[in-house]
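These notes are about the structure you will find just below.
Just the heavy atoms: all of them, side chains too, but no hydrogens, waters or symmetry mates, feed the values below. Each chain gets a letter, A, B and so on, in the order its sequence line appears, and its residues count up from 1.
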Protein chains: 2
Amino acid sequence: MKPIKISEAVVRRLPIYLRYLNEMSASNNKTVSSQDLGEKLNLNPAQIRKDLAYFGEFGRKGVGYNVDFLIEKIRQILKLDKTLNVALVGTGNLGRALSNYNNYIKDNMKIVAVFDADESKRGTMINHLTVLPMTALEQTAEQLDISVGIITVPAQEAQNVADQLVAAGIHGILNFAPVVLKAPKDVRIHTADFTAELLSLAYYMDHNHSQDEGEM
Amino acid sequence: MKPIKISEAVVRRLPIYLRYLNEMSASNNKTVSSQDLGEKLNLNPAQIRKDLAYFGEFGRKGVGYNVDFLIEKIRQILKLDKTLNVALVGTGNLGRALSNYNNYIKDNMKIVAVFDADESKRGTMINHLTVLPMTALEQTAEQLDISVGIITVPAQEAQNVADQLVAAGIHGILNFAPVVLKAPKDVRIHTADFTAELLSLAYYMDHNHSQDEGEM
DNA sequence: TAGATTGTTAATCGATTAACAATC
DNA sequence: TAGATTGTTAATCGATTAACAATC
């Protein structure tokens with residue numbers, strides 16, 4: 001209907017809303033205001049209302065938002081109402097850690113296959129899944145209807161793996177390797193760049209914070 | 001000298017520049033232009049020049065930037081020219097994975113202590129470090145001059161851990177728990193929220209991409 | 001010199017926030 | 001009704017990009 005372009009910033013906030021709403025629902029809260037959400041999530045209430053309003057009129061004036069209804073709506077928006085199958089490539093420490101988060105992210109994104117280029121890993125079990133060789137990627141991706149790939153290989157191999165994922169028809173990549181990946185523009189790449197997060201954190205340490213710091 | 005406020009967006013790009021410059025240096029490239037950097041990092045060259053210009057005149061007109069000089073400068077800006085000591089709290093799969101990245105992030109951020117609330121983990125060795133109980137946090141932080149904490153505990157415990165880190169005098173936190181943490185504003189919190197990254201990725205999957213997608 | 005590329009200003013674009021009428 | 005809170009417009013703020021003089 002509305003051909004309004006939704007900005008990335010908005011989309012990135014939706015999972016944050018969802019997460020907190022799930023908590024509220026679990027503790028039997030029925031309604032929530034943008035005010036409440038803003039306080040809990042350190043966001044401006046107006047921003048939250050605006051974000052949600054892009055997708056519909058989900059609230060009631062004078063009342064707020066119905067928690068369970070809003071959960072349902074956000075899940076629909078994010079397409080978490082249907083299961084997305086995920087392939088994980090790279091079975092080092094991080095890959096193994098993530099495959100355990102599988103249950104945690106039970107939000108309908110499910111790791112259904114695990115790959116590793118290292119032949120010696122072949123056949124190893126990781127969280128109920130057998131480690132497959134990269135040569136099996138294309139066929140497995142098709143058979144299991146995999147649409148998302150997670151990359152947890154060393155930086156030098158990441159672009160190569162990304163290329164293989166793209167060749168296997170995958171349209172979304174969550175990249176943990178500390179490198180900027182190239183892909184056709186119909187492939188969406190999100191980078192979980194915690195080394196960059198850590199290094200940028202250093203910038204803010206021990207700063208004398210000029211004159212404008214209002215310590216109490 | 002210049003009291004110009006540097007935006008977060010700028011600071012977050014610096015480690016990305018640094019990373020690629022290190023690669024260039026390793027392969028013996030002497031100079032680089034904002035054009036080159038932009039192409040490799042998917043960024044606008046003007047943005048890169050502007051980012052760097054906040055901190056000084058690092059380039060030469062008609063020539064570009066000296067790679068090693070720029071590395072040195074960015075390291076100074078990010079304060080990576082002196083070692084920052086880091087405490088890691090939470091020794092689950094992710095915590096163990098990260099402590100192995102330690103050598104990787106040898107950029108002068110060093111995990112010097114590991115903590116876990118679980119008594120049964122106490123005394124276990126992780127990557128040459130003995131797991132300490134949370135009660136040892138405050139004293140250890142002071143003794144080892146720890147300024148940054150990494151949180152890899154379950155979401156329900158994260159805020160509690162953050163409070164303890166703050167109480168121990170830590171001013172920077174890298175949080176891996178999928179929750180929004182509260183802290184005094186002189187404490188800098190970066191969140192490595194890969195579950196949110198993954199869920200927001202779902203939004204972009206299978207989209208019919210309206211009419212404007214130029215598939216070939 | 002001619003070509004390349006910076007540093008920087010101005011223009012554009014986009015995102016956040018404030019404000020408030022509508023209304024529950 | 002009075003109080004609360006949404007949805008939305010307008011105002012503000014900030015970040016990105018274009019353009020170009022300076023200059024190597």
Side-chain angles (χ1 to χ4, degrees), chain A residues 1-14 16-17 20-21 24 29-74 77 180 200 203 212, chain B residues 1-14 16-17 20-21 24 29-74 77 180 200 203 212:
Chain A
M1 308 299 120
K2 312 178 202 155
I4 302 147
K5 165 78 169 0
I6 308 297
S7 86
E8 281 193 37
V10 173
V11 175
R12 274 167 199 281
R13 280 190 293 267
L14 295 178
I16 313 291
Y17 300 156
Y20 181 62
L21 290 166
M24 292 203 79
N29 286 283
K30 298 303 180 201
T31 58
V32 65
S33 67
S34 59
Q35 185 71 233
D36 296 340
L37 279 168
E39 271 161 30
K40 290 296 182 182
L41 304 176
N42 293 145
L43 294 170
N44 182 303
Q47 182 172 61
I48 295 173
R49 293 200 299 277
K50 198 160 199 280
D51 284 354
L52 297 173
Y54 283 117
F55 305 98
E57 305 200 354
F58 300 149
R60 285 218 300 161
K61 292 183 170 122
V63 179
Y65 300 90
N66 177 293
V67 171
D68 289 326
F69 178 74
L70 194 50
I71 287 174
E72 193 49 37
K73 284 300 175 186
I74 294 180
I77 295 163
V180 176
S200 63
Y203 176 82
D212 55 2
Chain B
M1 308 296 121
K2 314 178 199 153
I4 302 146
K5 166 78 170 1
I6 307 297
S7 86
E8 280 193 39
V10 173
V11 176
R12 272 166 200 282
R13 280 190 293 267
L14 296 178
I16 313 291
Y17 300 155
Y20 181 63
L21 290 165
M24 292 203 80
N29 285 283
K30 297 303 180 200
T31 58
V32 65
S33 68
S34 60
Q35 185 70 233
D36 297 339
L37 279 167
E39 270 161 31
K40 291 295 182 181
L41 303 177
N42 293 145
L43 295 171
N44 183 302
Q47 183 172 61
I48 295 172
R49 293 199 299 278
K50 199 161 199 279
D51 284 356
L52 296 174
Y54 283 117
F55 304 98
E57 305 199 354
F58 300 149
R60 285 218 300 161
K61 293 183 170 123
V63 179
Y65 301 90
N66 177 292
V67 171
D68 289 325
F69 178 75
L70 194 51
I71 287 174
E72 194 48 38
K73 284 301 175 185
I74 295 180
I77 295 163
V180 176
S200 64
Y203 175 83
D212 56 1

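Atoms CG (B/Leu37) and C1' (C/dT5) sit 13 Å apart, rounded to a whole Å. A/Phe69 has its CZ atom 14 Å from the P atom of D/dT6, to the nearest Å. When rounded to the nearest whole Å, the span between CZ of B/Phe58 and P of C/dG7 equals 9 Å. Atom CG in A/Leu70 sits roughly 14 Å away from atom C1' in D/dG7 (whole-Å rounding). Residue B/Glu57 contributes atom CD, which lies 18 Å from atom P of C/dT5 at whole-angstrom precision.
Inter-residue side-chain proximity for A/Ile77 and A/Val11 is flagged as unmet; no heavy-atom pair is nearer than 4.5 Å. Here the side chains of B/Gln47 and B/Arg13 are in contact, with some heavy-atom distance below 4.5 Å. Under the 4.5 Å side-chain criterion, counting only non-hydrogen atoms from C-beta, A/Phe58 is not in contact with A/Ile74.
In this structure, the side-chain contact (heavy atoms from CB on, under 4.5 Å) partners of A/Asp36, at least two apart in sequence or on a different chain, are A/Val32, A/Ser33. Checked against salt bridge (Lys or Arg N to Asp or Glu O under 4.0 Å), A/Arg49 has no partners two or more places apart in sequence or in another chain. Partners of B/Glu39 by salt bridge (Lys or Arg N to Asp or Glu O under 4.0 Å), not counting sequence neighbours: none found.
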Writing each nucleotide of DNA chain D 5' to 3' as (, ), [, ], | or . by Watson-Crick or G-U pairing under 3.5 Å yields ..||||||||||||||||||||||
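Of the side-chain N and O atoms in A/Ser34, none sit less than 4.0 angstrom from OP1 or OP2 of D/dT5.
Separation of atoms CG (A/Leu41) and OH (A/Tyr20) is listed at 7.0 Å; rounding is to 0.5 Å.
Residue pairs meeting the side chain to side chain donor-acceptor pair (under 3.5 Å) criterion with at least one partner in residues 59-74 of chain A, sequence neighbours excluded, are A/Ser25-A/Asp68.
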Protein-proximity profile, nucleotides 15-24 of chain C, B/S/- by nucleotide at the 4.0 Å heavy-atom cutoff, equals SBBBB--BBB
